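Below is one structure, written out as C-alpha cells; the observations come after it.
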Amino acid sequence: MSWIRERELSLIERLTANILRAGPMPKHVAFIMDGNRRYAQKTHVERQEGHSQGFEKLAETLRWCLNLGIHEVTVYAFSIENFKRAKQEVDGLMELARQKFSRLLDEQENLVKHGVCIRVLGDLTLLPEDLQQVIAKAVVSTRAHNKCFLNVCFAYTSRHEIANAVKEMAWGVEQGLIKSSDVSEVLLSECLYSSNSPNPDLLIRTSGEVRLSDFLLWQTSYSCLVFQSVLWPEYSFWNLCEAVLQYQLSHRSLQKAQDLHRESQALQQIEADRTCVTEILQHRGNGKPMDGQSRQTALLNYTASREERVRCFLNALQHKRDTFFNDLSSQAVVA
C-alpha cells in the first residue's frame with residue numbers, strides 16, 4: 001500500500017476538523033505506534049501481519065494529519081532495543097522496511113505533488129547495508145521538499161541520540177570549529193538528529209502504555225503527552241481528534257512553560273558569555289580597570305564571534321550528515 005493516501009474525509013470528519021482548527025492546532029505531532037504485536041495476537045494473525053497493518057495505519061494517519069493542518073509528523077518505527085527481539089521478528093521488520101522504503105521510491109510523483117520530505121532519524125550504521133542504501137536514497141530524493149515532513153525514527157533511542165550529539169560537539173572542538181565554552185543546552189539541541197525540526201507540540205502513545213520508552217526525551221520536555229488505550233492498527237480519526245483536543249485544553253500552560261524556558265536559556269547564554277569575556281579580560285589584564293562601555297563592547301564582540309563559530313560548526317555538521325546520506329544513496333544507484 002501507498003505512503004500517500006488521496007481519499008478525502010467524510011462530511012462529519014470534515015465538520016469536526018473545521019471545529020478543531022478554530023482552536024490552537026499542533027504543528028508537529030509525534031507518535032509511539034504501540035500495539036502491533038498485541039493486535040496480531042488479538043486478531044489471531046502472524047506478528048509480521050500486525051506490523052504490516054501498523055504501517056497501513058500510519059499512511060492513513062498521515063492523511064488525517066494533513067487534513068487537520070498538521071504538516072510535520074515523527075514516528076517511532078524501530079527502537080535500538082528492538083534488536084533484542086527474536087531474530088525472526090527482527091528480520092521480518094527489516095524486510096518490511098525494505099519493501100516500504102522501496103515503495104516510497106516508486107511514488108515520486110505523489111511525493112512531489114504533496115511536497116513530502118522524508119527524514120530518517122537514528123543510527124543507520126546498525127542496519128543491514130542494503131537497507132541503509134534504500135533509506136538514504138529515499139531521504140536524498142525528497143530532501144528538497146518542504147510542504148510537509150515525515151520523520152521516521154529507525155534504529156533510534158533518545159539516549160543514543162543525546163550521546164551522539166555530545167560526540168558531535170566534541171568533534172567540533174577537536175576540529176577547532178568551536179570552543180569548549182561554546183557548548184550549551186541550545187547547541188546540544190542543534191546537534192540532535194531532529195535538529196531540522198521544531199520540537200513536537202503533541203506526543204501520542206497508543207496501546208495503554210504510559211511511558212516514553214526512550215523516545216524524544218529531550219525534545220518533548222514541554223510537549224503535551226497523551227496516552228491512549230487503543231492498539232495502533234485500530235487507531236481512528238476520532239482518537240486523533242481526542243488527542244488534539246487534549247492539546248488545545250493544555251495549550252496555554254504549555255506555551256507559558258515554553259516561553260519561560262526560552263527566556264531562561266537566553267539568560268544562561270548571556271551569563272556564560274559574560275563569564276568568558278571576564279576571563280579573557282583578566283588573562284589580558286594590564287592592571288587598568290575597564291569602563292562599562294568598553295566591557296559591553298567586548299561582550300558584544302565576543303557574542304558575535306561565538307555565534308559565527310557555532311554557525312560554521314553547524315554548517316560543517318550538516319555537510320557531514322548530508323555527505324553520509326549522499327554516499328549511501330550513490331551506492332544504491334550503483335547496486
Side-chain angles (χ1 to χ4, degrees), residues 2-4 28-33 51 54-55 58-59 61-62 65 71-83 90 93-108 110-112 114-165 168 190-200 203 213-219 317-333 335:
S2 172
W3 287 67
I4 308 298
H28 181 186
V29 176
F31 291 94
I32 300 178
M33 307 178 294
H51 292 303
F55 172 81
L58 169 60
T61 303
L62 291 175
C65 286
H71 292 283
E72 183 145 12
V73 172
T74 299
V75 296
Y76 204 1
F78 189 84
S79 167
I80 291 174
E81 294 298 313
N82 291 156
F83 282 114
V90 172
L93 287 167
M94 294 298 111
E95 180 56 32
L96 181 63
R98 286 187 189 91
Q99 294 173 11
K100 299 310 179 185
F101 279 104
S102 295
R103 177 59 189 267
L104 185 68
L105 294 171
D106 295 331
E107 297 187 54
Q108 290 301 313
N110 265 340
L111 292 171
V112 171
H114 294 281
V116 182
C117 175
I118 306 293
R119 302 184 184 120
V120 179
L121 315 181
D123 189 348
L124 297 193
T125 63
L126 300 176
L127 302 174
E129 188 171 346
D130 65 320
L131 179 54
Q132 292 182 44
Q133 292 169 1
V134 72
I135 286 175
K137 193 173 180 182
V139 168
V140 171
S141 68
T142 65
R143 184 182 283 160
H145 301 170
N146 59 8
K147 291 183 181 178
C148 55
F149 303 88
L150 173 61
N151 307 311
V152 182
C153 293
F154 207 92
Y156 172 94
T157 65
S158 189
R159 285 175 293 182
H160 191 90
E161 177 185 31
I162 293 168
N164 183 73
E168 298 288 23
E190 293 291 338
C191 294
L192 296 173
Y193 296 135
S194 62
S195 59
N196 291 320
S197 299
N199 290 336
L203 182 145
S213 296
D214 214 348
F215 180 55
L216 301 181
L217 301 180
W218 185 276
Q219 297 90 332
L317 178 58
Q318 188 61 54
H319 177 72
K320 184 172 76 162
R321 291 176 174 178
D322 287 346
T323 299
F324 172 79
F325 278 99
N326 291 339
D327 289 347
L328 279 175
S329 178
S330 64
Q331 291 170 25
V333 172

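All of these numbers come straight from a predicted model, not from anything done at the bench.
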In Å and rounded to the nearest 0.5 Å, what is the OG1 to CG distance from Thr74 to Leu150? 7.5 Å
Closer than 3.5 angstrom, by distance alone: can the side chain of Asn146 be matched with the main-chain N or O of Gly115 as a donor-acceptor pair? no
Those residues that, when tested against Tyr193, pass ring-ring contact (aromatic ring centres under 6.0 Å, His included) (two or more places apart): none
Inter-residue atom distance Phe154.CZ - Ile80.CD1, 0.5 Å rounding: 11.5 Å
Set of side chain to side chain contact (heavy atoms under 4.5 Å, CB included) partners for Val139, sequence neighbours left out: Val120, Ile135, Phe325
Taking NZ, NE, NH1 and NH2 as the nitrogens, is one of them in Glu72 or Arg119 under 4.0 Å from a carboxylate oxygen of the other? yes
Between OG1 of Thr157 and NE2 of His160, what distance do you get to the nearest 0.5 Å? 6.5 Å
Would you please say whether a donor-acceptor pair under 3.5 Å links the side chains of Asn326 and Arg143? yes
Assess the side chains of Gln318 and Glu190: does a donor N or O sit below 3.5 Å from an acceptor N or O? no
Can any side-chain N or O of Ser102 pair as donor or acceptor with the backbone N or O of Gln99 at less than 3.5 Å? no
Identify the heavy atoms of Ser158 and Trp218 that sit nearest to each other, and give their distance. OG-N, 3.9 Å
Between Leu105 and Gln108, is there a side-chain heavy-atom distance shorter than 4.5 Å? yes
Looking at Phe324, is its backbone amide N or carbonyl O close enough to the side chain of Asp327 to form a donor-acceptor pair, meaning the two atoms are under 3.5 Å apart? no
How about Glu168 and Lys320: do any of their side-chain heavy atoms sit closer than 4.5 Å? yes
Less than 3.5 Å apart, which donor and acceptor atoms pair up between the side chains of residues 124-131 and the rest of the protein, not counting sequence neighbours?
unit_1	atom_1	unit_2	atom_2	d
Thr125	OG1	Asp123	OD1	2.4
Asp130	OD1	Arg98	NH2	3.4
Asp130	OD2	Arg98	NE	2.7

Which value, rounded to the nearest 0.5 Å, describes the distance between Tyr156 atom OH and Asp214 atom CG? 7.5 Å
Please step through side chain to side chain contact (heavy atoms under 4.5 Å, CB included) for the pair Glu161 and Ser194, ending with a clear verdict. CA-CA 9 Å; Glu161 177 185 31; Ser194 62; 3.7 Å; yes
Is Val29 close to Pro200 at the side-chain level, that is, under 4.5 Å between some pair of heavy atoms? no
Nearest 0.5 Å, please: how far is OG1 in Thr323 from NE2 in His319? 3.5 Å
Minimum side-chain heavy-atom gap Leu62-Cys65 below 4.5 Å: no
Indicate yes or no: at least one non-hydrogen side-chain atom of Asn151 is less than 4.5 angstrom from one of Tyr76. no
Could you walk me through whether His51 and Leu93 pass the side chain to side chain contact (heavy atoms under 4.5 Å, CB included) test, one step at a time? CA-CA 8 Å; His51 292 303; Leu93 287 167; 3.5 Å; yes
Is there side-chain contact between Val116 and Lys147, with at least one heavy-atom pair below 4.5 Å? no
Does some side-chain heavy atom of His28 sit less than 4.5 Å from a side-chain heavy atom of Val73? no
Less than 6.0 Å separating the ring centroids of Phe83 and Phe78? yes
Heavy-atom check, side chain of Leu317 versus side chain of Cys191, under 4.5 Å: yes
Minimum heavy-atom separation for Phe215 and Leu203, please, with both atom names. CD2-CD1, 3.7 Å
CZ/Arg321: more than 12 non-hydrogen atoms of other groups inside 6.0 Å: yes
Check the pair Val90 / Asn82 against side chain to side chain contact (heavy atoms under 4.5 Å, CB included), numbers first and verdict last. CA-CA 7 Å; Val90 172; Asn82 291 156; 5.8 Å; no
How long is the gap from CG on Leu111 to SG on Cys117, to the nearest 0.5 Å? 10.0 Å
Looking at every non-hydrogen atom in both residues, tell me the closest pair between Ile118 and Thr142 and how far apart they are. N-OG1, 2.9 Å
